[in-house]
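In listed order, ligands and their atoms are each counted from 1. Model, not experiment: these values are computed from the prediction.
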Amino acid sequence: MAFELPQLNYAYDALEPHIDAKTMEIHHSKHHNGYTNNLNAAIAGTELENEPIESILGNLDMANKAVRNNGGGFYNHSLFWNIMSPLSKKELSGELNESILDAFGSFENFKSAFSKAAATQFGSGWAWLCVHKGGKVEVCSTPNQDNPLMSGVSCGGTPILGLDVWEHAYYLNYQNRRPDYIEAFFSVINWAEVEKRFLAGK
Ligand code: MN
């Protein structure tokens, strides 16, 4: 049972002007597709072949670079497309909002911590908001296609929000201006989906 490239819930140009259509098209149809195909090749004929991706990553031998890089790439991008939407829900409410206020004091402080994690991740990687059992949230970043489900990375828990800061995610439109891309990302976050993931992961 091979993994399949998930379809987006919106058109490639739906997140403009924040994320441009050409970047979205290449990112999804080339990069994410590549991770998906390479993951399938890496697990074909192994005991990982019929495992869910969360279980593959949670029990991963980190020395298995093909599965680490491509399994991470498959999972991370699948999450990324889903936590963005042209119909960005602007106001946070409910339990996730309370948990963010508990951890950071204010939404602005959270935004600033998340943006800093994204801006200071050296080279390629991801910034994350994760939830731990019990509902505590945490911000962190990981290099390359690593993510918090893997052991031995800088944070744990379940990722509920992730931002791709590889240059392929923003360079066409933003060139070296990663902070502008990070700011723009906040205009397309699908908070309803993040809240759903928070409730499932807490
Ligand atoms: Mn990417």
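The six-membered or imidazole ring of F74 lies near that of F3, with a centre-to-centre distance under 6.0 Å. For W126 and H77, the ring centers sit closer than 6.0 Å to each other.
Cysteines C140 and C155 place their SG atoms closer than 2.5 Å to one another.
Between F80 and H27, the ring planes lie tilted relative to each other; the angle falls in the 30° to 60° range.
The Mn ion (ligand 1) lies under 2.8 Å from an N, O or S atom belonging to H168. Taking 2.8 Å as the criterion, H32 does not count as a coordinating residue of the Mn ion (ligand 1), since none of its N, O or S atoms falls below it.
Counting just the N/O/S atoms of D164, the one with the shortest distance to the Mn ion (ligand 1) is named OD2.
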